[in-house]
Amino acid sequence: MHLNTNLKTPCYIINYQELESNFNNLNIALEKYWNNYIIGYSYKTNSLPWIIDYFNKKGCFSEVVSNDEYELGKLLGIEKNKYIYNGPIKTKESFIEAAENGCYINIDSYRELEWATELRGDYKLGLRINFDIEKFCPNQSQCGIEGGRFGFCYENGELGKAIAFLKEKNVKIAGLHLHVSSKTRSIDIYKAIAIMIIKIIRKFELKLSYVDIGGGFFGGLSDKPQFSDYIKMVSEILSEEISPEKTTLIIEPGMSVIGTPVSYISSVIDVKDTTYNRFVITDGSRTNIDPLMKKNNYFHKYEYINKNKKKLKKQVICGYTCMENDRLYIEKNGLELEIGDKIIYEKVGAYTMCLTPLFIKYFPDVYVLEKNNNLVKVRQAWTSHQYIQNSIIGEKK
Ligand SMILES: Cc1ncc(COP(=O)(O)O)c(C=O)c1O
């Protein structure tokens, strides 16, 4: 991709072919190893309407974790039975509505257990499982020895109580949900998930129509595990107890499908020297690609307006905000950046657009780079007009 010099920056660009490739690889793995599956695209990872629509048109379900995300899906025309509803902040009204519409609902809290007892009939209700992933995979989970906070705990008996409660009230348990957020995204995490699933099925003698292993995979990176590696492992373990004939495998990918196809383009707008540093100021911001301010390196490349440059020992690449820590990285021994040069950050599609604050500048343009190299705008940058929508402003004097 060579960028048009007139491209207004900052902006995001979604590479259509890369997105297709990630999605196809995922499908191929599922077809091969568990040919009865549902892909629930994780809205929270990137809920840009164009992306939601893309996955919907591919036949995916919508994995939502709030009433707001559920309403967003409805606004975008998602069929009423094509949601997987997760998380602790569901509303009772949307819980009941989604269940009655035939959606998959993974119960995460005690209040939802109560709501479930108000439903009469055959619904796709599952339980989110909380288990000691650190025991299986030391130092790999996000929460370490403090443990995760979602679902019903297997080890301390709370899961047993939840199952007993539902059985007593004649509420059918159709599935189990075991998403784990890990630091490593390793295959071992999914091995542990699959082992836990069969352990729970055996212990509580469950007859399940689905098992949901959540998201958290790598995707689109040649030096990391591939979809086929994860699904093969899960399939081998699950096959000891369940089969695709009776049980649907649900997966909830986010990062693995939308992370790699998205780039963020910024331009150098100023260069200045201080006693200590050469600062390169850009019209992009760390808040747009690293909103949690945790990254210390980025996949990035340059497009220079002039390649005949000298090298500099140190250049500090900065963003547009007024925060001192809006410094993205230090370029060591690189070509001297000048006004108009572009810095392109790659693989920034996950937990970026959706976590970007409305701070100092509003949401930037988003384009899709089509197969024929055409750039099509799929979100117009926000202006103050969008910013003030829904505001109630005092009467003019
Ligand atoms: C329940 C659930 N499903 C799916 C995902 C998507 O995970 P990822 O974007 O890492 O694939 C998450 C992310 O936290 C999640 O909490």
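Numbering of ligands and ligand atoms starts at 1, following listing order. If you're wondering where the values come from, they're calculated on a predicted model, not measured in any experiment.
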Practice task
Using the six-membered ring of Phe279, assess whether NZ or CZ of Lys272 lies under 6.0 Å from its centre and within 45 degrees of the ring axis.
Solution key: no
Handout entry: Heavy-atom side-chain contact between Tyr302 and Val268 under 4.5 Å
Key = no
Practice task
Please indicate whether any nitrogen or oxygen in Gly214 is less than 3.5 Å from any nitrogen or oxygen in ligand 1.
Solution key: no
Completion exercise
Within 4.0 Å of some non-hydrogen atom of Thr45, the atoms of ligand 1 are 6 (C), 9 (O)
Problem - Phe165 ring center near Tyr110 ring center (under 6.0 Å) - result: no
Completion exercise
Under 4.0 Å from one or more heavy atoms of Ser42, ligand 1 contributes atoms 5 (C), 6 (C)
Exercise for the section: Considering only non-hydrogen protein atoms, determine which one is nearest to atom 11 (O) of ligand 1 and report residue, atom name and distance to 0.1 Å. Expected result: Gly216 N, 2.9 Å
Exercise for the section: Would you please indicate yes or no on a ring centroid separation below 6.0 angstrom for His300 and Tyr329? Expected result: yes
Fill in the blank from the handout: Filtering Arg128, Arg185, Glu252 for the heavy atom nearest atom 2 (C) of ligand 1 leaves Glu252
Exercise for the section: Determine, using heavy atoms of Ala350 and all atoms of ligand 1, whether some pair is separated by less than 4.0 Å. Expected result: no
Exercise for the section: Kindly confirm or rule out an N or O of Phe217 lying under 3.5 angstrom from an N or O of ligand 1. Expected result: no
Exercise for the section: For residues Leu30 and Leu249, determine if any side-chain heavy atom of one lies less than 4.5 Å from a side-chain heavy atom of the other. Expected result: yes
Practice task
For atom 14 (O) of ligand 1, find the nearest protein heavy atom and state the residue, atom name and distance (0.1 Å precision).
Solution key: His179 NE2, 3.6 Å
Practice task
Answer whether the closest heavy-atom distance between the side chains of Ile189 and Phe136 falls below 4.5 Å.
Solution key: no
Handout entry: Whether Tyr351 lies under 4.0 Å from ligand 1, heavy atom
Key = yes
Practice task
Look at Lys294 together with Asp290 and state whether they make a salt bridge at an N to O cut-off of under 4.0 Å.
Solution key: no
